[in-house]
Amino acid sequence: MAQLIVSGGRPLEGEVAISGAKNAALPILAAALLAEQPVTIDNLPDLKDITTSIELLDALGCRCQRLDSHSWRIDAGSAERVVAPYELVVKMRASILVLGPLLARHGRAEVSFPGGCAIGSRPVDLHLRGLEMMGAVIEIDGGYIKAQVPAGRLRGSHILMDVVSVGATENLMMAAVLAQGQTVIENAAREPEIVDLAHCLNAWGARVSGAGSNRLVIDGVAALSGGRYTVMPDRIETGTFLAAALATRGRVRTTHTDPTTLEAVLLKMQEAGAEVSCGSDWIELDSRGCAIRAVDFRTAPYPAFPTDMQSQLMAVNATAEGSAMIHETIFENRLMQAQELNRMGAKITVEGHTALVKGVAQLRGAPVRASDLRASAGLVIAALAASGETIIDRVYHIDRGYERIEEKLQGLGATIVRRDSPETEAS
Ligand code: EPZ
């Protein structure tokens with residue numbers, strides 16, 4: 001099992017190119033199932049979750065051709081299979097995103113029921129309820145969501161979601177694209193990845209409007225044509241590199257990114273005392289010689305502060321002046337990195353969904369263990385700021401969401417290497 005070994009305590013300095021957004025790429029790959037003609041998707045990040053998605057499309061009968069390390073051509077024209085097997089869904093919960101497209105295209109789908117994961121219980125009731133409102137009949141049998149559309153074609157519907165959900169909004173949007181008539185989704189998620197999916201669907205012949213607002217209107221069409229689409233830049237990867245610059249009191253310019261998708265994060269970094277400047281496709285953060293203060297924040301759906309950046313800013317707070325409260329409102333178990341940060345000398349107390357972080361002058365390297373993707377990003381940031389050596393175990397989590405992370409960090413002057421090591425388990 002791989003580990004990352006980080007020798008920290010040095011400011012990061014330089015320029016780093018941001019990859020395509022994992023959380024936009026996953027629904028866009030699922031959307032390929034809707035198209036009768038081949039689609040080409042560019043700027044896909046080269047990540048484990050993307051490979052798993054391709055395996056799933058393959059299992060569903062798509063012809064998938066890798067054009068280069070970041071582009072795939074998917075032909076779902078003759079794909080007839082409708083079963084998303086347990087073995088793949090268990091590797092990646094986002095596999096649930098094929099449910100809407102399969103039902104819309106074939107009127108039938110069997111998708112292994114995704115369980116919870118390290119960060120929370122993560123139910124899918126909103127996905128299922130919305131599809132039922134569009135005419136699907138759904139039962140859970142043998143661990144599978146078995147869905148069919150007795151009328152043959154889903155029908156447009158007026159759906160009000162009682163919780164803002166990124167995945168449910170995406171699944172229902174994709175299902176509605178081929179439904180009979182108009183679908184309105186109220187209280188829709190507004191994340192930039194939703195907007196990217198809508199742009200992609202429209203580029204392939206769909207009629208989606210309102211993306212980026214909390215009311216989506218989708219006019220069903222008979223078929224999607226196909227075409228080419230470039231995935232948006234990864235705002236969370238961008239924020240992670242900027243947080244690493246901030247924690248190490250360095251200066252980093254992220255390129256090939258989109259500053260308009262990161263406003264809440266950049267405001268917090270400025271409030272902490274960093275200088276932030278932006279161009280149309282770059283963001284630079286300079287914190288050399290700055291006194292960095294701990295900042296309070298609360299995670300919430302876009303455009304508020306993203307839960308996917310919570311762990312990284314916790315690591316910054318751990319090394320800042322003063323104390324701050326962090327409220328995690330999206331997932332029930334997403335403060336797990338706090339205990340590992342405390343092993344590095346941080347002073348963090350967690351109570352329920354709230355963490356009180358008292359900044360310390362210097363974190364110290366230690367062996368730590370990653371529990372999930374973004375928690376591991378927080379540990380890497382803390383390790384870069386800490387004195388001495390940190391060994392981060394279970395880095396397969398980080399590989400799900402960060403392309404060539406150690407290479408990109410090395411380019412910014414970090415001392416970080418990957419090595420294989422036997423795993424030691426504790427209960
Ligand atoms: C997406 O997950 C992202 N994943 C997550 O990124 C991200 O943390 C999350 O949105 C929130 O921004 C992908 O895009 C692949 P939700 P998703 O449905 O869609 C509740 C990362 O690290 N809920 O918006 O699964 C749910 O329990 C990952 O990259 C229901 O109650 O999140 C949660 O409290 C992790 N019923 C809240 O909604 C449902 O049917 C938001 O979850 C669905 C969700």
Side-chain angles (χ1 to χ4, degrees), residues 19-31 45 47-50 52-53 56 89 91-100 111 113-133 138 145 159-174 185 187-197 214 231-232 234-240 261-262 264-265 299-312 327-337 353 370-378 397-403:
S19 299
K22 167 183 83 83
N23 288 348
L26 298 179
I28 287 173
L29 283 166
L47 297 172
K48 189 81 189 73
D49 275 11
I50 299 300
T52 307
S53 289
L56 178 55
V89 180
K91 278 197 211 172
M92 187 186 71
R93 299 187 83 265
S95 307
I96 182 76
L97 293 173
V98 300
L99 179 60
V111 177
F113 198 108
C117 72
I119 64 175
S121 58
R122 306 186 73 179
V124 292
D125 55 313
L126 299 167
H127 302 238
L128 304 189
R129 205 177 311 143
L131 292 169
E132 282 170 344
M133 289 183 74
I138 299 179
I145 299 164
I159 299 168
L160 183 120
M161 306 231 262
D162 49 7
V163 175
V164 177
S165 160
V166 174
T169 303
E170 291 165 345
N171 229 338
L172 299 179
M173 189 201 311
M174 290 189 281
I185 306 176
N187 201 24
R190 300 164 59 191
E191 269 67 5
E193 292 76 13
I194 305 270
V195 179
D196 209 38
L197 174 62
N214 58 7
V231 173
M232 66 176 277
D234 197 313
R235 64 192 168 107
I236 305 301
E237 187 196 18
T238 307
T240 301
T261 60
L262 264 167
V265 172
T299 65
Y302 192 84
F305 192 93
T307 173
D308 289 349
M309 277 299 299
Q310 177 260 109
S311 154
Q312 300 89 318
H327 295 279
E328 170 59 53
T329 75
I330 306 289
F331 292 114
E332 58 269 39
N333 198 20
R334 223 185 186 181
L335 296 166
M336 275 181 296
Q337 71 283 0
H353 297 159
S371 53
D372 67 82
L373 167 58
R374 306 303 170 187
S376 16
H397 288 298
I398 208 162
D399 294 335
R400 292 186 61 177
Y402 293 90
E403 183 176 339

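Remember, it's a predicted structure, so these values are computed and weren't measured experimentally. Counting starts at 1 for both ligands and their atoms, following the listed order.
- For atom 29 (O) of ligand 1, the nearest protein heavy atom (residue, atom name, distance) is Arg374 NH2, 2.7 Å.
- By the 3.5 Å distance cut-off applied to N or O atoms, Ile119 is not counted among the residues near ligand 1.
- Residue Gly167 places at least one N or O, backbone or side chain, under 3.5 Å from an N or O of ligand 1.
- Between atom NE2 of residue His327 and atom NE2 of residue His353 there is a gap of 12.0 Å, rounded to the nearest 0.5 Å.
- The protein non-hydrogen atom at the shortest distance from atom 36 (N) of ligand 1 is Asp125 OD1, 2.7 Å.
- Counting only non-hydrogen atoms, the option in Ala377, Ala21, Ser165 that gets closest to atom 18 (O) of ligand 1 is Ser165.
- No hydrogens or angles considered: a donor-acceptor pair under 3.5 Å links the side chains of Thr307 and Glu328.
- Only the side chain of Phe331 comes within 4.0 Å of ligand 1, judged by heavy-atom distances.
- Two residues are said to be in side-chain contact when any heavy atoms from C-beta on lie closer than 4.5 Å; Val89 and Ile96 fail this criterion.
- Not a single heavy atom of Glu170 sits less than 4.0 Å from an atom of ligand 1.
- Arg93 contributes atom CZ, which lies 4.5 Å from atom CZ of Arg122 (distance to the nearest 0.5 angstrom).
- Atoms OH and CG, on Tyr302 and Leu262 in that order, are 8.0 Å from each other to the nearest 0.5 Å.
- At a 4.0 Å heavy-atom cut-off, ligand 1 touches Asp308 through the side chain alone.
- Arg334 counts as a contact of ligand 1, since one of its heavy atoms falls under 4.0 Å from the ligand.
- Side-chain contact between Ile145 and Pro114: present, with at least one pair of heavy atoms (C-beta onward) separated by less than 4.5 Å.
- Within the model, atoms CD of Glu403 and CD1 of Ile398 stand 13.0 Å from one another, a figure rounded to the nearest 0.5 Å.
- Remark: minimum distance from atom 40 (O) of ligand 1 to any protein heavy atom is reached at Leu126 N, 2.8 Å.
- Residues satisfying the side chain to side chain donor-acceptor pair (under 3.5 Å) test with Arg129, not counting sequence neighbours, are Asp125.
- Taking only nitrogen or oxygen atoms, main chain and side chain alike, Asn23 reaches within less than 3.5 Å of ligand 1.
- Put simply, CG on Leu47 and CE on Met92 are 11.0 Å apart, with the number rounded to the nearest 0.5 Å.
- Against a heavy-atom cut-off of under 4.0 Å, Thr307 is close to the following atoms of ligand 1: 8 (O), 11 (C), 12 (O).
- Listed by number with element, the atoms of ligand 1 under 4.0 Å from a non-hydrogen atom of Leu373 are 22 (O), 29 (O).
- Distances below 4.0 Å separate heavy atoms of Lys22 from the following atoms of ligand 1: 21 (C), 29 (O).
- Scanning both residues, Ala24 and Met232, for their nearest heavy atoms gives CB-CG, 3.8 Å.
- Note that CZ of Arg374 is 6.0 Å distant from CD1 of Ile236, once rounded to the nearest 0.5 Å.
- Selection from Val163, Asp372, Leu26 by nearest heavy atom to atom 38 (O) of ligand 1 gives Val163.
- Around atom 2 (O) of ligand 1, the closest heavy atom drawn from His127, Arg93, Arg122 belongs to Arg122.
- Considering both main-chain and side-chain atoms, Ala94 never comes within under 3.5 Å of ligand 1 through any nitrogen or oxygen pair.
- Between Gln337 and Gln310, the closest side-chain pair of non-hydrogen atoms falls below 4.5 Å.
- Distances below 4.0 Å separate heavy atoms of Ile330 from the following atoms of ligand 1: 33 (C), 34 (O), 41 (C).
- When the heavy atoms of Ala375, Pro123, Ala168 are ranked by distance to atom 43 (C) of ligand 1, first place goes to Pro123.
- Scanning the protein heavy atoms around atom 1 (C) of ligand 1, the nearest turns out to be Val166 CB, 4.0 Å.
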